[in-house]
Number of protein chains: 4
Amino acid sequence: MSIAAVASPPRRSVRSHEAVLAAAADIAGRRGYGNTRIEDIAAQAGVGKQTIYRWWPNRAALLIEVYGRLVPPDVGAADTGSLAGDLESLLIRLSALYADTPAGNILFGLIAEAQADTELARQLRDTYVAPRRSIVRSILQRAADRGEIDPPDNTDFVSDLFSGAVWFQLLLGTRSLDREFRRRLVDAVLCTVRSACRVGQPPDRKKRT
Amino acid sequence: MSIAAVASPPRRSVRSHEAVLAAAADIAGRRGYGNTRIEDIAAQAGVGKQTIYRWWPNRAALLIEVYGRLVPPDVGAADTGSLAGDLESLLIRLSALYADTPAGNILFGLIAEAQADTELARQLRDTYVAPRRSIVRSILQRAADRGEIDPPDNTDFVSDLFSGAVWFQLLLGTRSLDREFRRRLVDAVLCTVRSACRVGQPPDRKKRT
Amino acid sequence: MSIAAVASPPRRSVRSHEAVLAAAADIAGRRGYGNTRIEDIAAQAGVGKQTIYRWWPNRAALLIEVYGRLVPPDVGAADTGSLAGDLESLLIRLSALYADTPAGNILFGLIAEAQADTELARQLRDTYVAPRRSIVRSILQRAADRGEIDPPDNTDFVSDLFSGAVWFQLLLGTRSLDREFRRRLVDAVLCTVRSACRVGQPPDRKKRT
Amino acid sequence: MSIAAVASPPRRSVRSHEAVLAAAADIAGRRGYGNTRIEDIAAQAGVGKQTIYRWWPNRAALLIEVYGRLVPPDVGAADTGSLAGDLESLLIRLSALYADTPAGNILFGLIAEAQADTELARQLRDTYVAPRRSIVRSILQRAADRGEIDPPDNTDFVSDLFSGAVWFQLLLGTRSLDREFRRRLVDAVLCTVRSACRVGQPPDRKKRT
DNA sequence: TGGTAATCGAGACGGTACGTCCCGTCTTAAG
DNA sequence: CTTAAGACGGGACGTACCGTCTCGATTACCA
């Protein structure tokens, strides 16, 4: 990347790197994360297995990189002028991402694997949850700036509520985020945000735990 | 030989059946779904591998049965007298289920596997989603009967919103459904239910799809 | 067998016994000794596996009985009037036995198994070697009685030489005892018998061991 | 990539190859052909099972190679100056081979297996029968060159007669080729060779088939 | 411009688990 | 009490991948 990086000794083959990522994305998309074999990726990429193990410590690391490449940097960038519009826009883009690319399959395989691998879980939080929360936070911030809502104090929860609903739909529902679903989810998020603003911390509940 | 020489039904060994389920639950709990080996289950249960394969076609089928046994039939039975109380009660019971038993690990491994196995996905919807929705539906029904809310038309969505949030928290959050989280989720569900009742189908949106 | 045996308590089912032997002979004939499975015999005989294990300790014991039934009691009975004729007649009958029945396959599987099972080896000597030697002995005795030869002192060796040659031909040769082979073997036996008679113990060899 | 990118030949590990053969010989010697398990060979050789299956299609192929290594190239090489001496020498060497090494056990297991496997039978003829016949042929040839006998026309039959007798003795006899047996077998071969020379094709027999 | 050291493809290696086959024993219901 | 049926615990099979390890051959920096 930087100027000095040109001289770096680990002279990684660009073509192999790209071929591995492409093969991994293709196979994970066609067969699912669980049926994605390093041997098959290597064969399809025309690459030695060692070349994969040299640059990625395991399947999860490789597929995290694949996942990262599949998510466009601007998933949540659209400013439609209203909170509902921004959320709808985000939903539509996510819908496309999960419907048209292996991103969904990969992400879910990774999450499953992370259940028995805390390091991977941490990486996933960094790679997936944090960016998603920051997207939602900035959407809510824009809405607050517009005066649509008061600045909420539970943006992370709202983001997770949103993400959880999307997952559930993709994993066990119809696998598409249809118009009906989007309307309902946007409504739920809106009223949750407003409710939090309106009531604040209810004075009659003791906050422990 | 004789007329009544009807094929006797397969006579399954109760002790083996139970031993396999117990061993599977234990191993899945300790090592996670992905590291649960049929061979280990058989060895720990003191059973031949064939005995497992005779009664369950694959690991997923076995673990679905294990999961079913772990979920108490009354997860959502409590009638606390208020909608918020019922939801809170359900959350606490789920929290215990996922914290104290392998149910969470197993469920999530199954979901991951279901991404590449549509038959398993169908089974999971029957085993998990449908019962959960029916619990939430009856909670909302009780609330409507009490006059707390109008009868909602989106109980399935509300159930999925609720379930999705719980998952997200368990899978990528702190792995516990703490008081703060529970309060926020109950609030979100409450306002979502009321919002649906209040606004109904917004007249300015065309309802297609 | 005897009259009193009718009342014996182990009421063995004649039909099962026969069916098992028939099925074993059939399967051993079609697939070879090594591919003869107890399970298949039981299934083909319409018999429970336990019924086989109740009456025969193992596959070898069962197939020894099968072998015994396949060998007609008169393989070597013919008296053609000459030593060469008797030997030729025996060869022709053996040829038929091994060509038309599974006897050869079974015998050879048994011998192979006997290499690691001394008890089976002993049984085989009783079942196979001893009868064969006695046949050859009586053929040679008849020849001596006729005055064709002097009474030989090496009938067992001659029998084994004869049997060994037949085996070798069947196992690794063309699997048929053709006219050419028969002529050569009869000649070899004749001259071996006469040579032993003629020279007796050669005076210039010390007989030790 | 380049023109000369010829497929590199499979690079077989010498140490694994040798270790497998050694382990197979040891186990077959101790337990017999029938009780020789691929898994045990692999374990004892410190080798993965796949490494065995990569280079040998089945147990028989592996043990044929083992057998080949056990037979010294000079079993029949000795020129003692007389036909009887050469045969005696061959018998003594064979006796040692079968008494001191697993060669006998292995050979016989292979022969048994070959009864239901024609390809293996063919291999065995190439590996065992043909070399043995050529040894006997050269012994007889030397005797003819010395003028001891006329050049025989039935060397293959003589070889098989000889081999068959040895087998029979080893398989169902006392398992040792003692002095008495050797004397008798050498006598039988001598008179068979001379008889063939002396009588030629007996004129009174029609030679068909 | 040629030397050389890391990377490359290929794939053999020691392993682990798979799902299947068959062993010999045990259990059940029918006769 | 025997039988047919077949489930049982067990052990070996031959296969699929794992992640590591050799091999030459290739490549791109540096002398």
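Labels below follow one simple rule: chain letters A, B, ... track the order of the sequence lines, proteins then strands, and each chain is numbered from 1.
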Can you see if the side chain of A:Arg15 gets near the phosphate of E:dG9 - specifically, an N or O under 4.0 Å from OP1 or OP2? yes

Here the distance between atom P of E:dA10 and atom CD1 of A:Ile38, to the nearest Å, is 16 Å

To the nearest angstrom, the CZ-P distance between B:Arg12 and F:dG9 comes to 12 Å

Can you find a side chain N or O atom of A:Ser13 that sits less than 4.0 Å from OP1 or OP2 on F:dT27? no

When D:Arg69, D:Gln123, D:Arg59 are each screened for side-chain contact (heavy atoms from CB on, under 4.5 Å) with D:Ile64, the one that passes is D:Gln123

Verdict with reasoning, B:Arg12 to B:Arg54, per side-chain contact (heavy atoms from CB on, under 4.5 Å): CA-CA 10 Å; B:Arg12 184 169 190 171; B:Arg54 184 154 27 230; over 6 Å; no

Can you check whether D:Ala121's main-chain N or O pairs, donor with acceptor, with D:Thr118's side chain at less than 3.5 Å? no

Do A:Asp40 and A:Arg31 touch side chain to side chain, with heavy atoms closer than 4.5 Å? yes

Whole-Å distance separating the CD atom of C:Glu39 from the P atom of E:dT20: 15 Å

Which parts of residues 17-36 of chain C get close to DNA chain E, meaning a heavy atom less than 4.0 angstrom away? none

Whole-Å distance between F:dG19 P and A:Ile41 CD1? 11 Å

If we only count heavy atoms from C-beta on, is the A:Val20 to A:Trp56 side-chain gap below 4.5 Å? yes

Would a distance-only check, ignoring hydrogens and angles, find a side-chain to backbone donor-acceptor pair under 3.5 Å from A:Gln115 to A:Ile111? yes

Would you mind checking if C:Glu119 and C:Arg122 are paired as a salt bridge, meaning a charged N to carboxylate O distance below 4.0 Å? yes

In residues 49-69 of chain D, which residues come under 4.0 Å of DNA chain F by heavy atom? D:Lys49, D:Gln50, D:Tyr53

Fit a plane to each ring of C:Phe108 and D:Phe108, take the angle between them on a 0 to 90° scale, and name the class: parallel (under 30°), tilted (30 to 60°) or perpendicular (over 60°). tilted

If you compare every side-chain N and O of C:Arg37 against the phosphate oxygens of E:dC22 (OP1, OP2), does one of them come in below 4.0 Å? yes

Under 4.0 angstrom between B:Ser16 side-chain N/O and F:dA7 OP1 or OP2: no

List the steps, then state whether side-chain contact (heavy atoms from CB on, under 4.5 Å) holds for B:Thr101 with B:Ile106. CA-CA 9 Å; B:Thr101 77; B:Ile106 293 172; over 6 Å; no

